[in-house]
Protein chains: 2
Amino acid sequence: MVAAEMSTRHGERCPLDSTLKILDGKWKSIILCRLMQQKEMRYSEILQTLSGCTRRMLSLQLSQLETDHIIKKEIDTSFVPIKTSYHLTELGQSLVPIIKEMDIWGQMYLDTLCKIKNS
Amino acid sequence: MVAAEMSTRHGERCPLDSTLKILDGKWKSIILCRLMQQKEMRYSEILQTLSGCTRRMLSLQLSQLETDHIIKKEIDTSFVPIKTSYHLTELGQSLVPIIKEMDIWGQMYLDTLCKIKNS
DNA sequence: CGGGATCCCCCCAGATACTG
DNA sequence: CAGTATCTGGGGGGATCCCG
């Protein structure tokens, strides 16, 4: 289930869950990282930067992000082979600051774990 | 796998993943929400506020959060029956601002989805 | 009271092959 | 090039029972 399908029958759960649902997926966080760095990317271009990700999985993750209105797909059918590209929507852009903070916190967390382990 | 078991062989993945791993779990976000509101809670007390959560799942989620050094368990064995309580660690506290922002963003997101659906 | 152990089912994701 | 279709197994999570 993608975040867009969440209804209010989960009312007892916090809106926080909607945010986590969007990011929930084996490759979504790293895909978003890529699209933050380079605002427009081709399907195969993303695939190359994701070592270990199958085409099937990439398609699934991208389509879920699109369903959730976080990214947008552009298709150029004027030529063969078809070219598609992906970029963040405005909604997706609004998530960037939070993603960056989570990234910074994650770094601090890993450092802290190291210290704990060595003490 | 809990976040604490993540090693640097996932180097190509962003630290963001560590943060998401910590929050990844069916009940973790809502458990953290509870512990943010009420700093000290009993096992059964948490369980009551989580409709649909089994004891098995609560135990699993709590133990993972503890392994990741986000919460701490206190056990009082001086009486029978045993009393346990949980509270956020310092590390867990440091995550609170980000959780709050994700909650706020999630609310905005749900509102935006509503507008999109009605247009 | 606060769990752990076990069994079992279902879904996620990998592998592989096919297509507009 | 950018995906879909199908098959399959492994693990997450529910139900149930047991324990200090």
Side-chain angles (χ1 to χ4, degrees), chain A residues 1-3 5-6 10 13 17 20-31 34-35 38 40-68 71-87, chain B residues 1-6 10 12-13 17 20-31 34-35 38 40-68 71-87:
Chain A
M1 183 179 70
V2 290
E5 292 163 3
M6 287 184 67
H10 298 97
R13 313 286 297 258
D17 273 348
L20 288 173
K21 265 284 186 277
I22 289 172
L23 277 348
D24 183 31
K26 205 174 179 183
W27 302 94
K28 286 185 190 171
S29 63
I30 195 167
I31 289 171
R34 296 289 179 266
L35 287 176
Q38 190 175 338
E40 190 103 0
M41 290 184 82
R42 302 279 303 278
Y43 176 86
S44 51
E45 197 174 6
I46 300 176
L47 191 61
Q48 285 174 3
T49 72
L50 270 48
S51 77
C53 183
T54 62
R55 273 177 309 179
R56 171 193 148 84
M57 276 313 293
L58 181 56
S59 297
L60 279 175
Q61 305 285 294
L62 287 173
S63 80
Q64 287 180 14
L65 285 171
E66 200 189 0
T67 301
D68 285 340
I71 65 175
K72 185 147 189 344
K73 168 161 56 167
E74 306 287 351
I75 309 179
D76 179 4
T77 53
S78 58
F79 296 100
V80 178
I82 292 170
K83 293 186 179 185
T84 66
S85 66
Y86 296 86
H87 60 89
Chain B
M1 182 179 72
V2 290
E5 292 163 2
M6 287 185 68
H10 298 98
E12 75 276 13
R13 313 285 298 257
D17 274 348
L20 288 172
K21 264 287 185 278
I22 289 171
L23 276 350
D24 183 31
K26 205 174 178 183
W27 301 94
K28 286 185 190 171
S29 62
I30 195 167
I31 290 172
R34 297 290 178 266
L35 288 176
Q38 190 175 337
E40 189 102 0
M41 290 184 82
R42 302 279 303 277
Y43 176 86
S44 50
E45 197 177 5
I46 300 176
L47 191 60
Q48 285 174 2
T49 72
L50 270 48
S51 76
C53 184
T54 62
R55 274 178 303 161
R56 171 193 148 84
M57 276 312 294
L58 182 56
S59 297
L60 279 175
Q61 306 284 295
L62 287 173
S63 81
Q64 287 179 13
L65 285 170
E66 199 188 3
T67 301
D68 286 339
I71 65 174
K72 185 149 189 347
K73 168 162 56 168
E74 306 288 351
I75 310 179
D76 179 5
T77 54
S78 59
F79 297 100
V80 178
I82 293 169
K83 292 186 179 184
T84 66
S85 66
Y86 295 86
H87 60 89

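In the text below, chain A, chain B and the rest are named by the order of the sequence lines, each starting its count at 1.
In this structure, CG of B:Leu47 is placed 11 Å from P of C:dC1, rounded to the nearest angstrom. Here the P atom of nucleotide C:dT19 and the OH atom of A:Tyr43 are 17 Å apart, to the nearest Å. Spacing between atom CD of A:Glu45 and atom P of D:dC1 amounts to 12 Å, rounded to whole angstrom units. Rounded to whole Å, atom P of D:dG3 lies 14 Å from atom CE of A:Met41. In this entry the distance linking CD of B:Glu66 with P of C:dG4 reads 10 Å, nearest Å. What separates NZ of A:Lys21 from P of C:dC12 is a distance of 11 Å, to the nearest Å. Rounded to whole Å, atom C1' of D:dT4 lies 10 Å from atom CZ of A:Arg55. Rounded to whole angstrom, the span from the CG atom of A:Asp24 across to the P atom of C:dC11 amounts to 16 Å.
For D:dC1, neither phosphate oxygen OP1 nor OP2 lies less than 4.0 angstrom from any side-chain nitrogen or oxygen of A:Thr84. Between B:Ser44 and C:dG2 there is a side-chain polar atom (N or O) within less than 4.0 angstrom of OP1 or OP2. Within the structure, every side-chain polar atom (N or O) of A:Lys73 is placed at least 4.0 Å from both OP1 and OP2 of D:dA2. For the pair A:Tyr86 and D:dA2, the criterion of a side-chain N or O lying under 4.0 Å from OP1 or OP2 is not met.
Within the nucleic acid shown, A:Arg42 comes within 4.0 Å of sugar-phosphate atoms alone, with no base atom in reach, counting heavy atoms only.
A:Leu35 contributes atom CG, which lies 11.5 Å from atom CD1 of A:Ile30 (distance to the nearest 0.5 angstrom). B:Leu50 CG to B:Glu45 CD: the interatomic distance, rounded to the nearest 0.5 Å, is 12.0 Å.
DNA chain D is contacted by both A:Leu62 and B:Leu60; A:Leu62 maps to the nucleotide lying nearer its 5′ end (nearest heavy atom per residue). Map A:Ile82 and A:Gly52 each onto its nearest nucleotide of DNA chain C; the residue landing nearer the 5' end is A:Gly52.
Taking every heavy atom of both residues into account, B:Ser29 and A:Leu20 meet most closely at CB-CD1, 3.5 Å. In plain terms, the two heavy atoms of B:Arg42 and B:Ile82 that are nearest each other are NH2-O, 4.4 Å.
Looking at B:Arg56, its side chain comes within 3.5 Å of the base of D:dG13 through a donor and an acceptor atom.
The closest side-chain heavy-atom distance from A:Leu62 to A:Tyr43 is below 4.5 Å.
Counting only heavy atoms from C-beta on, A:Met57 has its side chain closest to C:dG14 among C:dG14, C:dG3, D:dG3. The side chain of A:Lys26 sits closest to C:dG14 out of D:dC17, C:dG14, C:dA17. In this structure, the nucleotide among C:dG4, D:dG14, C:dG2 sitting nearest to the side chain of B:Ser59 is C:dG4. Closest to the side chain of A:Pro81, out of D:dG13, D:dA15, D:dC1, is D:dC1.
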